[in-house]
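Everything numeric in this text was worked out from a predicted model, so none of it was measured. By convention in this document, chain letters (A, B, ...) are assigned in the order of the sequence lines, proteins followed by strands, and residues within each chain are numbered from 1.
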Protein chains: 2
Amino acid sequence: MSITSDLLRGHTDTIILAGLFTGDSYGYEINKAIQQKTNGRYELKEATLYSAFRRLEEAGDISSYWGDETTGARRRYYTITETGRETYTRLMAEWKSAKAMIDSLIELEEKKNG
Amino acid sequence: MSITSDLLRGHTDTIILAGLFTGDSYGYEINKAIQQKTNGRYELKEATLYSAFRRLEEAGDISSYWGDETTGARRRYYTITETGRETYTRLMAEWKSAKAMIDSLIELEEKKNG
DNA sequence: AAATATACCTTGACAGGCGAGGTATATGGT
DNA sequence: ACCATATACCTCGCCTGTCAAGGTATATTT
């Protein structure tokens with residue numbers, strides 16, 4: 001397992017929902033976008049990516065359809081649903097509170113003098 | 001699984017090392033401190049806590065000894081090692097970079113106009 | 001012909017978290 | 001005397017997300 005993977009764990013769904021928020025996309029493209037945004041420091045492994053799609057579709061957060069490519073490899077496009085937008089909002093809020101919580105738990109406390 | 005548990009996953013070791021950084025402590029006390037710091041919003045489950053101790057001791061990040069309580073339940077105290085301090089420093093740095101990375105991946109991008 | 005890029009998918013294993021259960025000592029209430 | 005509660009430790013086995021490894025297919029470049 002790579003260095004950051006344990007810390008990124010649990011954010012996969014949020015990352016995907018964020019990627020779909022402003023428009024439909026497909027797995028390969030979403031992953032390329034992630035690599036670009038992180039300057040190649042992070043990518044979703046394919047198995048992780050596609051199992052996340054399954055999970056999200058089962059939960060009703062996204063829906064999918066086959067693209068009508070006449071050339072090249074076929075693409076399965078994903079759309080974020082209204083439920084998915086709500087999930088995204090909730091996950092964002094949870095992240096903000098988790099972030100503060102983690103910071104307070106792992107930073108060393110100043111010793112209170114006097 | 002509780003709401004935040006997936007987001008906290010992977011931080012257990014760092015939290016424990018932070019708790020031991022300024023002095024020896026034992027499982028029950030460390031967990032109480034976590035509950036206090038988070039105003040009861042978070043706690044390490046016992047199974048999680050003790051399996052983390054095993055992991056950290058095996059890795060050489062902490063060492064342990066039995067307290068000499070003459071009354072009450074026995075306590076196993078843990079000490080952070082020099083290796084553990086280095087691990088803590090590394091995990092903190094990783095957290096800072098992961099935090100920035102996650103933020104950039106899950107926040108919605110402003111549409112660039114013109 | 002072979003390598004590379006695009007694009008999807010499945011299987012099986014691993015690791016961390018955790019529910020459930022167990023052990024033991026001390027205190028306070030009835 | 002009995003019970004609940006708090007303190008304090010431990011183990012077993014399951015669940016879930018991640019991922020290495022493998023597979024399929026089309027199109028382009030060398």
Problem set entry | Of the listed nucleotides D/dC9, C/dA7, D/dT16, the one nearest the side chain of A/Tyr26 | C/dA7

Problem set entry | Test: B/Arg54 and B/Glu58 ion pair at under 4.0 Å | no

Exercise. Got a sec, which pairs hit side-chain hydrogen bond (donor to acceptor under 3.5 Å, both in side chains) with one end in residues 9-20 of chain B, sequence neighbours left out?
Worked result: B/Asp13-B/Arg55

For this session: Please tell me which of the listed nucleotides, D/dT16, D/dC9, C/dC8, lies nearest to the side chain of A/Trp66?
Result: C/dC8

Seminar exercise, completed: Rounded to whole Å, CD of A/Glu43 lies from C1' of D/dT18 at a distance of 13 Å

Problem set entry | Nucleotide D/dA20, atom P - distance to NZ of A/Lys45 in whole Å | 5 Å

For this session: Sugar-phosphate means primed atoms, P, OP1 and OP2; the rest is base. With that split, encode nucleotides 20-26 of chain C 5' to 3' as B, S or - using protein heavy atoms under 4.0 Å.
Result: -----SS

Exercise. Distance check: side-chain N/O of A/Arg75 vs OP1/OP2 of C/dA7, anything under 4.0 Å?
Worked result: yes

For this session: State which residues pass side chain to side chain contact (heavy atoms under 4.5 Å, CB included) with A/Ser64; sequence neighbours excluded, sorted by chain then number.
Result: A/Glu57, A/Arg76, A/Tyr78

For this session: Round to the nearest Å and state the distance from B/Leu7 atom CG to D/dG17 atom C1'.
Result: 13 Å

For this session: Would you mind reporting whether B/Ile80 and B/Leu17 have side-chain heavy atoms less than 4.5 Å apart?
Result: yes

Problem set entry | Within-4.5 Å side-chain heavy-atom neighbours: A/Ile102 and B/Leu8 | yes

Exercise. With sugar-phosphate meaning primed atoms plus P, OP1 and OP2, does B/Arg76 contact a base, only sugar-phosphate, or nothing at under 4.0 Å between heavy atoms?
Worked result: sugar-phosphate

For this session: For A/Asn31 and C/dA7, give me the distance from atom CG to atom C1', rounded to whole Å.
Result: 12 Å

Could you go through residues 65-73 of chain A and list every donor-acceptor pair under 3.5 Å that involves a side-chain atom there, pairing it with any protein atom two or more places apart or in another chain?
residue: A/Tyr65; atom: OH; partner: A/Asp24; partner atom: OD2; Å: 2.7
residue: A/Glu69; atom: OE1; partner: A/Arg75; partner atom: N; Å: 3.3

Exercise. Hey, are the side chains of A/Leu20 and A/Tyr26 touching, using non-hydrogen atoms and a 4.5 Å cut-off?
Worked result: no

Exercise. When you measure from the side chain of B/Thr48, which nucleotide among D/dA8, C/dG17, D/dT18 comes out closest?
Worked result: C/dG17

Exercise. What's the CG-P distance between A/Leu8 and C/dG16, to the nearest Å?
Worked result: 16 Å

Exercise. With sequence neighbours excluded, what pairs up with B/Lys99 under the salt bridge (charged side-chain N to carboxylate O under 4.0 Å, His left out) test?
Worked result: A/Asp103

Exercise. Taking side chain as C-beta onward, heavy atoms only, is B/Phe21 less than 4.5 Å from B/Arg85?
Worked result: yes

Exercise. DNA chain D: B/Leu49 or B/Arg9, which has the more 5' nearest nucleotide?
Worked result: B/Leu49

Exercise. Please give, in whole Å, the distance from D/dA6 C1' to B/Glu29 CD?
Worked result: 15 Å

Problem set entry | Residue whose nearest DNA chain D nucleotide is more 5′ - A/Asp13 or B/Tyr77 | B/Tyr77

Seminar exercise, completed: Contact check, residues 50-58 of chain A vs DNA chain C, heavy-atom distance under 4.0 Å, returns A/Tyr50, A/Arg54

Problem set entry | Side-chain heavy-atom pair B/Leu49, B/Ile16 within 4.5 angstrom cut-off | yes

Exercise. Whole Å only: how far is the OH atom of B/Tyr65 from the C1' atom of D/dA8?
Worked result: 15 Å

Problem set entry | Short side-chain N/O contact to D/dA8 OP1/OP2 from B/Lys32, under 4.0 Å | no

For this session: Grab the CG-P distance between A/Leu44 and D/dC19 for me, whole Å please.
Result: 8 Å

